[in-house]
Amino acid sequence: MKMIDGIPEVIEGVAYYAHVDAPVADYNESQMPGTGKFGWEVNVAVSDEVFLKFKQAGFNAGLHEAGSRKYTPDPVITFYKWASNYNGTENTAPIVVDTDKQRVDYKIGNGSRVAIQWATLSYGKIKKIKRPSIHALQVLELVEHGDSNTPFTEDRMAF
């Protein structure tokens with residue numbers, strides 16, 4: 001298997017808030033409307049070992065320590081790909097397939113088990129950013145979009 005910075009090019013984990021069917025506004029767009037940045041993303045809960053490999057390889061964006069996300073106690077890596085590059089050229093969408101490697105177009109629900117094929121994306125003139133970029137996603141076990149593997153309880157209410 002091909003390695004990137006000592007990390008397998010394909011890693012497995014549990015997907016949360018997968019937006020691989022259509023690009024969505026990135027964080028900066030929601031904070032500063034009008035910036036026009038959109039992309040595909042998926043948050044993947046991974047093992048401590050995989051997370052540590054990304055940290056040791058110098059990744060400094062898209063890494064969330066264990067317990068820092070409300071939806072899982074595990075460490076999370078956000079794989080992201082912008083819909084267009086810095087000069088406005090459109091990027092291709094990540095490829096999404098099932099276990100038979102057939103393309104799919106359904107929404108991926110929270111708790112789905114996935115395999116991610118990724119690459120390194122580095123940018124920034126002043127502050128050097130190194131983040132994992134999604135190239136392809138294979139759905140290994142689908143949780144239907146809208147279903148939840150965590151029941152909603154009174155202690156999770158926002159009011």
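Only this structure's heavy atoms are used, side chains among them; waters, hydrogens and symmetry mates stay out.
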Ser112 side chain to Val143 backbone, donor-acceptor under 3.5 Å: yes
CD1-CZ distance between Ile11 and Phe51, expressed to the nearest 0.5 angstrom: 11.0 Å
Nearest-0.5 Å distance, CD1 of residue Ile134 to NZ of residue Lys81: 9.0 Å
Gap separating the CZ atom of Phe79 from the CZ atom of Arg131, nearest 0.5 angstrom: 10.5 Å
Euclidean distance, Arg113 CZ relative to Thr99 OG1, rounded to 0.5 Å: 14.0 Å
Side-chain touch Leu52/Gln56, heavy atoms, less than 4.5 angstrom: yes
Nearest heavy-atom neighbours spanning Ala18 and Val42: CB-CG2, 3.7 Å
Val76 with Val44, same ILVMFWY side-chain cluster at under 4.5 Å: no
Rounded distance [0.5 Å steps], NZ in Lys107 versus NE2 in His19: 8.5 Å
Minimum-distance pair of heavy atoms, taken over all atoms of Pro132 and Ala61: CD-O, 3.6 Å
hydrophobic_cluster_shared for Tyr80 and Ile129, side chain cutoff 4.5 Å: yes
Closest non-hydrogen atom pair between Lys130 and Ser122, with its separation: CG-OG, 3.9 Å
Joint hydrophobic cluster, Val14 plus Ile108, side-chain heavy atoms closer than 4.5 Å: no
N/O donor-acceptor pair under 3.5 Å between Lys55 side chain and Asn60 backbone: no
Close aromatic pair by centroid cut-off 6.0 Å: Trp118 and Phe54: yes
Donor-acceptor contact below 3.5 Å, side chain Asn43 vs main chain Thr78: no
ILVMFWY cluster, Val10 and Val104 together (side-chain gap under 4.5 Å): no
Sole candidate of Ile77, Asp5, Leu121 that passes side chain to side chain contact (heavy atoms under 4.5 Å, CB included) when paired with Phe59: Asp5
Within one Ile-Leu-Val-Met-Phe-Trp-Tyr cluster: Val114 and Tyr17, side-chain cutoff 4.5 Å: no
Worked verdict on Tyr16 versus Thr72 for side-chain contact (heavy atoms from CB on, under 4.5 Å): CA-CA 9 Å; Tyr16 293 93; Thr72 181; 4.0 Å; yes
Rounded distance (nearest 0.5 Å) linking atom OG of Ser68 with atom CG of Leu63: 10.0 Å
Minimum heavy-atom distance between Trp82 and Asn91, given as atom pair plus value: O-ND2, 2.8 Å
Side chain Gln117, main chain His135, donor-acceptor under 3.5 Å: no
Residues, nucleotides or ligands: over 12 heavy atoms within 6.0 Å of Lys127 NZ: no
Shortest non-hydrogen contact between Pro75 and Ser47, atoms and distance: CG-O, 4.0 Å
Backbone N/O of Val46 and side chain of Asp74: donor-acceptor pair under 3.5 Å: no
Test item: Asp21 and Val96 side chains (from C-beta on) under 4.5 Å apart, heavy atoms: no
Non-hydrogen side-chain atoms of Pro8 and Met1 separated by less than 4.5 Å: yes
